[in-house]
Amino acid sequence: MRKEFKTIFEHLWEWECAIVGSALRDYAEANDIDVLFPASTDFRNLAGELGVPYLGGWDEGDVRIHQLKYRLPGVGKVLNLIQRSDIEDIFNDWPHATLMPGGDEARMDHHYIKPRRD
């Protein structure tokens with residue numbers, strides 16, 4: 001496990017979360033590090049504990065999404081903390097590459113490809 005990922009999990013030890021997204025595929029090329037939290041997480045409380053503004057969320061179809069941007073000393077990329085209302089069991093519900101705090105991995109060859117915006 002990358003040192004940066006260990007630092008993230010050590011800092012967020014009391015929160016259930018997983019690293020997902022492009023940083024798992026190619027850390028050097030990733031713009032940020034996506035950290036996914038289950039739907040049951042109190043995101044307003046998480047924001048307060050981390051000292052970042054809570055800006056609410058938005059709807060994409062039937063899914064409610066929350067997002068926080070967070071800088072963590074020792075990690076050279078911004079953390080993109082995200083929550084989706086349709087993801088409760090991260091390891092089983094998230095359909096793409098997932099790294100859990102204990103080092104368990106799932107679907108490491110399946111990465112979300114962002115749609116092009118023309």
Undergrad: Hey, are Ser40 and Glu88 close enough side-chain-wise for a donor-acceptor pair under 3.5 Å?
TA: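 A donor-acceptor contact under 3.5 Å links the two side chains.
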Undergrad: Between CG of Leu79 and CD1 of Ile8, what distance do you get to the nearest 0.5 Å?
TA: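 Here the rounded value is 4.5 Å.
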Undergrad: Taking all heavy atoms of Ile33 and all of Ala23, pick out the closest pair and write down the distance.
TA: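 In this case the closest contact between Ile33 and Ala23 is CG1-CB, 4.1 Å.
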Undergrad: Nearest 0.5 angstrom please: Leu46 CG to Gln83 CD, how far?
TA: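 Going from CG on Leu46 over to CD on Gln83, the span is 8.5 Å.
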Undergrad: How many angstroms lie between CG in Leu55 and CZ in Phe43, if you round to the nearest 0.5 Å?
TA: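 That separation rounds to 11.0 Å.
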Undergrad: Which label fits His11 and Tyr70: parallel for a plane angle under 30°, tilted from 30 to 60°, or perpendicular past 60°?
TA: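 Parallel: the ring planes of His11 and Tyr70 meet at under 30°.
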Undergrad: According to a 4.5 Å side-chain heavy-atom criterion applied to Ile, Leu, Val, Met, Phe, Trp and Tyr, with indirect links allowed, do Leu81 and Val78 form part of one hydrophobic cluster?
TA: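 No, Leu81 does not connect to Val78 through the hydrophobic network.
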Undergrad: Please examine the side chains of Asp62 and Asp86, heavy atoms only from C-beta on, and report whether any two atoms are closer than 4.5 Å.
TA: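 Answer no - side chains too far apart.
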Undergrad: When rounded to the nearest 0.5 angstrom, what is the spacing between CG in Asp93 and OG1 in Thr98?
TA: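 If I round to the nearest 0.5 Å, the distance is 10.0 Å.
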Undergrad: Can you establish whether the number of heavy atoms outside Arg44 located under 6.0 Å from its atom CZ is more than 12?
TA: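 Check fails, neighbour count at 12 or below.
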Undergrad: Say whether Val63 and Trp58 are linked into one hydrophobic cluster, either directly or through other cluster members, by side-chain heavy-atom distances under 4.5 angstrom.
TA: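 Yes, Val63 connects to Trp58 through the hydrophobic network.
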Undergrad: Lys69 and Asn80: which non-hydrogen atoms are nearest, and at how many Å?
TA: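 For Lys69 versus Asn80, the nearest heavy atoms are NZ-OD1, 3.5 Å.
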Undergrad: Do Phe37 and Ile65 belong to the same hydrophobic cluster, where Ile, Leu, Val, Met, Phe, Trp and Tyr are linked whenever their side-chain heavy atoms lie under 4.5 Å apart, directly or via other members?
TA: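 No; tracing contacts between hydrophobic side chains, which count when under 4.5 Å, never links both residues.
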Undergrad: Ignoring hydrogens, what is the shortest heavy-atom contact between Ile90 and Ala18? Give both atom names and the distance.
TA: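 Here Ile90 and Ala18 meet closest at CG2-CB, 3.6 Å.
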Undergrad: Taking the side chain from Glu16 and the backbone from Pro38, do they hold a donor-acceptor pair closer than 3.5 Å?
TA: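 No, Glu16 side chain to Pro38 backbone: no donor-acceptor pair under 3.5 Å.
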Undergrad: Work out which heavy atom in Tyr54 is nearest to a heavy atom in Leu68; give both atom names and the distance.
TA: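 Minimum heavy-atom separation between Tyr54 and Leu68: CA-CD2, 4.2 Å.
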Undergrad: Can you check whether Leu12 reaches Leu72 side chain to side chain, under 4.5 Å on heavy atoms?
TA: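 Of all side-chain heavy-atom pairs linking Leu72 with Leu12, none is under 4.5 Å.
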Undergrad: Tell me whether the count of non-hydrogen atoms from other residues, nucleotides or ligands lying under 6.0 Å of CG in Asp59 goes above 12.
TA: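 Count over threshold, so yes.
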Undergrad: Could you pull out the closest heavy-atom pair between Gln67 and Ile82, with the gap in Å?
TA: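 Minimum heavy-atom separation between Gln67 and Ile82: CG-CG2, 4.2 Å.
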Undergrad: Hey, could you give me the OH/CD1 distance between Tyr27 and Ile19, rounded to the nearest 0.5 Å?
TA: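 Rounded to the nearest 0.5 Å, the OH-CD1 separation comes to 9.0 Å.
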Undergrad: What are the two closest heavy atoms between Leu99 and Phe9, and how far apart are they?
TA: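 Where Leu99 meets Phe9 most closely, the heavy atoms are O-CZ, 3.3 Å.
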Undergrad: Could you check whether any side-chain N or O of Arg64 sits under 3.5 Å from a backbone N or O of Gly57, counting only pairs where one atom can act as donor and the other as acceptor?
TA: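 A pair under 3.5 Å: yes.
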